[in-house]
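Just below is one structure, and these are the notes that go with it.
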Amino acid sequence: MSLTITTWNVNSVRLRLDGLARLANEIRPDVICLQEIKVANELFPHQAIEALGYTHQAVHGQAGYHGVAVLSKLPIEEALPMHWCGKDDSRHLRVRINGFDLHNFYIPAGGDVPDRELNEKFGHKLDFLAELTEWFGKGAVQSGRAVLVGDLNIAPLETDVWSHKQLLKVVSHTPIEVERLNALQASAGWVDAVRKVIPPDNRLYSWWSYRAKDWSASDRGRRLDHIWVTPDLEPDIQHADVLRAARGWDRPSDHAPVTVML
DNA sequence: ATGGTTGCACGGCAA
């Protein structure tokens, strides 16, 4: 028995229905976790997605910004929209599928300036990570078997960015962010499932800016999207991949889907 | 050093 989970920052779910159909046909994930759906709950395109075989859907939407959703071929036994840092941003949806916990995150991007004194968005990003770390550290993962996915908006490894040196002061790859992400990972012993399959000596990206003239030729990417599992699931990791081709589809998201098969 | 693109609440803001 296997379970395939894909995470994808779609940058507007309503503009990415063709892409979702393609993902459903080409990868056939059992569960798809979306970020940046950019739509209120009542406007979520439930029927179009149901027609792709994802009859179970949990949505934690928001008009205009952010928003996360879980699409599943298996029943969603419980869905908990979560909130952090005293804000009502829709950035975390916790669901229970097949008896395991799945956490779908859209971590704050953090703005442009990597200094919390000058840029409160950067402070929010650091605080968000710290709150999660404390929460997971207190035993939020109870069942033992759990999966954490999403756009974590941090590329932790040198091989997760096109130029480690040139990105050290760029939000997403600064030392303080990497430190906070590593602390989050340690909080519940999370294992980076993608890097278990594709070792850290290989460059790997999941996001390329819209602003490049030729995103593929310049290939200035970053690995911002992640799939982590608890240690007891580590032996079950069968396969992992980034669907880089999706970045070249018509009207693409700036993120490519990341998939792990357990 | 600057500007480059996309998507949303149609226009400034976030990414």
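The basis for the numbers below is simple: all heavy atoms, side chains too, and nothing from hydrogens, waters or symmetry mates. Every chain is numbered from 1 and lettered A, B, ... according to where its sequence line falls, protein lines coming before strand lines. Only a predicted model underlies this, so the values are computations on that prediction, with no experimental measurement involved.
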Please give, in whole Å, the distance from B:dC8 P to A:Phe44 CZ? 14 Å
Rounded to whole Å, the CG-P distance (A:Asp112 to B:dA15) equals 9 Å
Give a yes/no on whether any side-chain N or O of A:Ser12 is located under 4.0 angstrom from OP1 or OP2 of B:dG7. no
Fit a plane to each ring of A:Trp135 and A:Trp84, take the angle between them on a 0 to 90° scale, and name the class: parallel (under 30°), tilted (30 to 60°) or perpendicular (over 60°). perpendicular
Using the P atom in both, what is the distance from B:dG12 to B:dT2, to the nearest Å? 23 Å
Given the C1' atoms of B:dA14 and B:dG4, what is the spacing between them in whole Å? 16 Å
In whole Å, what is the span from the CG atom of A:Asn119 to the C1' atom of B:dA15? 12 Å
Using the rule side chain to side chain contact (heavy atoms under 4.5 Å, CB included), only one of A:Pro252, A:Ser253, A:Pro257 pairs with A:His255; which is it? A:Ser253
Suppose we screen for salt bridge (charged side-chain N to carboxylate O under 4.0 Å, His left out). Which residues come up paired with A:Glu234, at least two apart in sequence or across chains? A:Lys196
Give A:Arg16 one of three labels, base, sugar-phosphate or nothing, depending on what nucleic acid heavy atoms sit under 4.0 Å from its own. sugar-phosphate
Those residues of residues 155-163 of chain A lying under 4.0 Å from DNA chain B by at least one heavy atom: none
Polar atoms only, N or O, under 3.5 Å: list the protein pairs with nucleotides 10-14 of chain B and their distances.
{"residue": "B:dA14", "atom": "OP2", "partner": "A:Lys121", "partner atom": "NZ", "Å": "3.4"}

Among A:Leu74, A:Ile49, A:Val70, exactly one meets side chain to side chain contact (heavy atoms under 4.5 Å, CB included) together with A:Tyr54. Which residue is that? A:Ile49
